[in-house]
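Here's the structure, in structure tokens; my notes come after.
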Amino acid sequence: MLSWLFGRLATSGWGPVTLLLPYVLLAGAVLWLHARHLDVLRLGDDEARSLGLQPSRSRLVVVGAATLITAAAVSVSGLIAFVGLVTPHLVRLLVGHSYRLIVPLSAILGGAFLATVDIGARTLVAPAELPVGVITAFVGAPFFCVVLWRRKAGM
């Protein structure tokens, strides 16, 4: 139970990947196809309706796809905190506010971030191994505090 709560990437073989693949492909495709909807929703509901978008339907589809992809990943790897908070914010800082770029680049940067953290988890206290979630929490908690501080300060 603790291993799942702290998150782990110590699975062996391709079994977990093949288990996740249909969910990731389906939800990833839905999110990628709705990236323009997210750009329009940033303008507000009234503007989105005037452009022919149904805001409540678009939100439901996007939240459903994000929930599916998150649930699938958590079911295999456990709770790895802050990856979904840190990477989209960093991508937004690097490329701007277009979700057509944010969605795929967040997936790529999130994977790279997690691979880097996994390398650190395996080498920092070798021959033992730290849970990946512990290191992501050490990175993500201060990042989250900075994001909250900036939002409160109105930056």
Side-chain angles (χ1 to χ4, degrees), residues 4-9 11 14 16-122 131-155:
W4 188 81
L5 285 173
F6 288 136
R8 68 202 181 297
L9 296 177
T11 57
W14 288 96
V17 174
T18 57
L19 179 68
L20 289 177
L21 193 60
Y23 302 105
V24 170
L25 290 177
L26 176 67
V30 168
L31 289 172
W32 186 71
L33 291 172
H34 282 77
R36 288 185 180 197
H37 294 206
L38 292 171
D39 287 336
V40 172
L41 285 173
R42 286 186 57 236
L43 301 173
D45 285 0
D46 292 335
E47 288 82 2
R49 276 190 213 92
S50 70
L51 292 171
L53 188 70
Q54 297 173 346
S56 59
R57 182 186 171 279
S58 292
R59 280 192 193 94
L60 181 66
V61 169
V62 168
V63 168
T67 302
L68 177 65
I69 203 167
T70 302
V74 168
S75 71
V76 170
S77 63
L79 301 173
I80 300 175
F82 294 110
V83 175
L85 174 73
V86 172
T87 54
H89 277 82
L90 288 177
V91 169
R92 187 175 286 117
L93 287 172
L94 294 172
V95 301
H97 294 283
S98 173
Y99 283 98
R100 287 176 283 176
L101 294 173
I102 292 172
V103 170
L105 289 177
S106 291
I108 293 167
L109 186 63
F113 173 66
L114 198 53
T116 304
V117 168
D118 185 47
I119 291 169
R122 294 172 191 260
V132 176
V134 171
I135 297 177
T136 59
F138 273 113
V139 172
F143 186 86
F144 184 62
C145 289
V146 168
V147 168
L148 286 177
W149 176 75
R150 288 184 70 196
R151 181 165 291 182
K152 185 177 181 182
M155 298 176 137

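Residues forming a side chain to side chain contact (heavy atoms under 4.5 Å, CB included) with A107 (at least two apart in sequence, or on another chain): none.
For the pair R8 and P131, the minimum side-chain heavy-atom distance is 4.5 Å or more. Side-chain contact between L9 and I80 is present, with at least one heavy-atom pair separated by less than 4.5 Å. The closest side-chain heavy-atom distance from L41 to L53 is below 4.5 Å. In this structure the side chain of R42 reaches within 4.5 angstrom of the side chain of Y99, judged on heavy atoms. Within the 4.5 Å cutoff, the side chain of H34 has heavy atoms near those of the V61 side chain. For the pair I69 and Y23, the minimum side-chain heavy-atom distance is 4.5 Å or more.
In this structure, F144 and F82 have tilted ring planes: the angle between them lies in the 30° to 60° band.
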Step by step, work out the salt bridge (charged side-chain N to carboxylate O under 4.0 Å, His left out) result for R59 and D45. CA-CA 11 Å; R59 280 192 193 94; D45 285 0; 2.6 Å; yes
Going through the checks in order, is the side chain to side chain contact (heavy atoms under 4.5 Å, CB included) test met by L109 and L90? CA-CA 9 Å; L109 186 63; L90 288 177; 4.1 Å; yes
Audit row: V147, H89, side chain to side chain contact (heavy atoms under 4.5 Å, CB included) steps and yes/no: CA-CA 9 Å; V147 168; H89 277 82; 3.8 Å; yes
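The shortest heavy-atom contact between L20 and A73 is CD2-N, 3.8 Å. The minimum heavy-atom distance between L31 and V62, with the atom names listed, is CD2-O, 3.8 Å. Nearest heavy-atom pair across A27 and A65 is CB-O, 3.3 Å. Nearest heavy-atom pair, A137 versus P142, reported as atom, atom and distance to 0.1 Å: O-CD, 4.0 Å.
With hydrogens and angles ignored, the 3.5 Å screen pairs no side-chain donor or acceptor of S106 with any backbone N or O of V103. A donor-acceptor pair under 3.5 Å is formed between the side chain of T136 and the backbone N or O of A81. Without hydrogens or angle criteria, T70 side chain to T67 main chain gives no donor-acceptor distance under 3.5 Å.
Of the residues T87, V132, I135, the one that meets the side-chain contact (heavy atoms from CB on, under 4.5 Å) test with L114 is V132.
Atom CD of Q54 has 12 or fewer neighbouring heavy atoms from other residues, nucleotides or ligands inside a 6.0 Å radius.
The existence of a salt bridge linking R36 and D39 is excluded, since no basic side-chain nitrogen approaches an acidic carboxylate oxygen closer than 4.0 Å.
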